[in-house]
Amino acid sequence: MIDLRSDTKTRPTPEMRAAIASAEVGDEQRREDPTVNELERRAAKLLGQAEAVFVPTATMANEIALSCLGERGDEVVAEENSHIFVAELGGPAVHAGLMTRPLRCPAGRFTPEQLRETVRRTDHSHVPATKIVSVENTHNASGGRVWQPDELEAVVSTARELELRLHLDGARVLNAAVALDVPAAEIGRRFDTVTLCFSKGLGCPLGALVAGSPELMANARRLKHLFGGAMRQAGIVAAAGVYALEHNIERLADDHTRARRLGEGLHEAGVPVDLEQVETNFVQVDVAPLGLSAEEALERLAEKGVGLSRTVHPTRLRAVTHLDVDDDDIERAVELIPRALGALARV
Ligand SMILES: Cc1ncc(COP(=O)(O)O)c(C=O)c1O
């Protein structure tokens, strides 16, 4: 099967497995694991932050970050389909006691004006305070879209002016940095807390981290233990992360090139793909104009040996490129997907 369901489907390469096998390890809870310490140091620097805390998943990193930034009853503002709102089981409410203020906007990117209209000032008697803005970059639900630097700067400076705290759900921030050809720190340094995921484009079996100031990260470490996320010889998995930071960042550009080739090939073959949306490693396909439901389309694709997956949009599927997909897979997918979906070539 050509597995384009998600960039989380990668399996560690022999080289990554060798790095895992030879990892130096210690008691991570006591900060005695040299490989975890090394990963946290390198990743913090990469993201333009002072410190980082290694955790098992990006969901945990997001939830710890939000818990660090707000108090119970405060509000967090984010795009309505952001991962923290639609895919973490209500975690911001459960763990941090936050109220959620969703913003509706194209491509996952909201404007300073939307922020100004939404933010509420507390009167300390009735009105809850808006305290946190969370930005997702790249933005999963909109198809891996990237915040342009000027748009990001405008939102960040408005948030600062409004005395809000800023979280970056940068599970895929390295895809954004590679797509924009800027250092990841150029994006990450603007935020109070940053999430980075190792088990997506970076190709690790698991692992993520939250980065921020020493004060915030001291609290993040406390919360990590409280969440049950403090580990023991976690260097076994952190070694994969160290390997990935050395070998798997620049190659994300290959995933982006392959997604573009896939998008263009499908578009030419008459499959409804919005090419403007293909900015990183996602291609979204709307099956409604082909007269198919998402379930029917997925079944037909599976019969031809291609895996796509659902999105938050009922008739839109996604194909995601990653380390385990090569040029030949893409050419085969360009042949098989239009046939499976019964698309007619646009001549
Ligand atoms: C933007 C974003 N943030 C966070 C996560 C959570 O990652 P995990 O499933 O590793 O907890 C995901 C997963 O798809 C994601 O796309």
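Remember, it's 1-based here, ligands and their atoms both numbered in the order they're listed. All of these numbers come straight from a predicted model, not from anything done at the bench.
Among protein heavy atoms, the minimum distance from atom 13 (C) of ligand 1 is reached at K200 CE, 3.0 Å. The closest protein non-hydrogen atom to atom 3 (N) of ligand 1 is D169 OD2, 2.7 Å. The nearest heavy-atom contact from the protein to atom 15 (C) of ligand 1 is H83 CD2, 3.3 Å. The protein atom (non-hydrogen) at minimum distance from atom 11 (O) of ligand 1 is T59 OG1, 2.6 Å.
Contact between R42 and E246 at its shortest, heavy atoms only, is NH1-OE2, 2.7 Å.
More than 12 non-hydrogen atoms from other residues, nucleotides or ligands lie less than 6.0 angstrom from CG of D123. No more than 12 heavy atoms of other residues, nucleotides or ligands shown are found within 6.0 angstrom of CD on E71.
Inclusion of S199 in the set of residues having an N or O under 3.5 Å from an N or O of ligand 1 is not warranted. The distance criterion of under 3.5 Å between nitrogen or oxygen atoms is not met by E136 with respect to ligand 1. Checked by distance only, ligand 1 and E88 stay at 3.5 Å or farther apart across all their nitrogen or oxygen atoms. The distance criterion of under 3.5 Å between nitrogen or oxygen atoms is not met by T138 with respect to ligand 1.
The atoms of ligand 1 that sit less than 4.0 Å from any heavy atom of N62 are 3 (N), 4 (C). Each of the following atoms of ligand 1 lies closer than 4.0 Å to a heavy atom of R172: 15 (C), 16 (O). Close approach of ligand 1 to A171 is summarised as follows: ligand atoms under 4.0 Å from at least one heavy atom of the residue are 1 (C), 2 (C), 3 (N), 4 (C). Near T57, with a cut-off below 4.0 Å to any heavy atom, the atoms of ligand 1 are 10 (O), 11 (O).
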message = Using salt bridge (charged side-chain N to carboxylate O under 4.0 Å, His left out), reason through D328 and R332 one step at a time and then give a plain yes or no.
response = CA-CA 6 Å; D328 290 344; R332 274 176 45 230; over 6 Å; no
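Distance check, rounded to the nearest 0.5 Å: CG of L174 to CG of L47 gives 6.5 Å.
No option in T280, N137, T138, L252 other than T138 meets the side-chain contact (heavy atoms from CB on, under 4.5 Å) test with R172.
For D327, the side-chain hydrogen bond (donor to acceptor under 3.5 Å, both in side chains) test picks out R258, with sequence neighbours left out.
In this structure, F227 and H95 have tilted ring planes: the angle between them lies in the 30° to 60° band.
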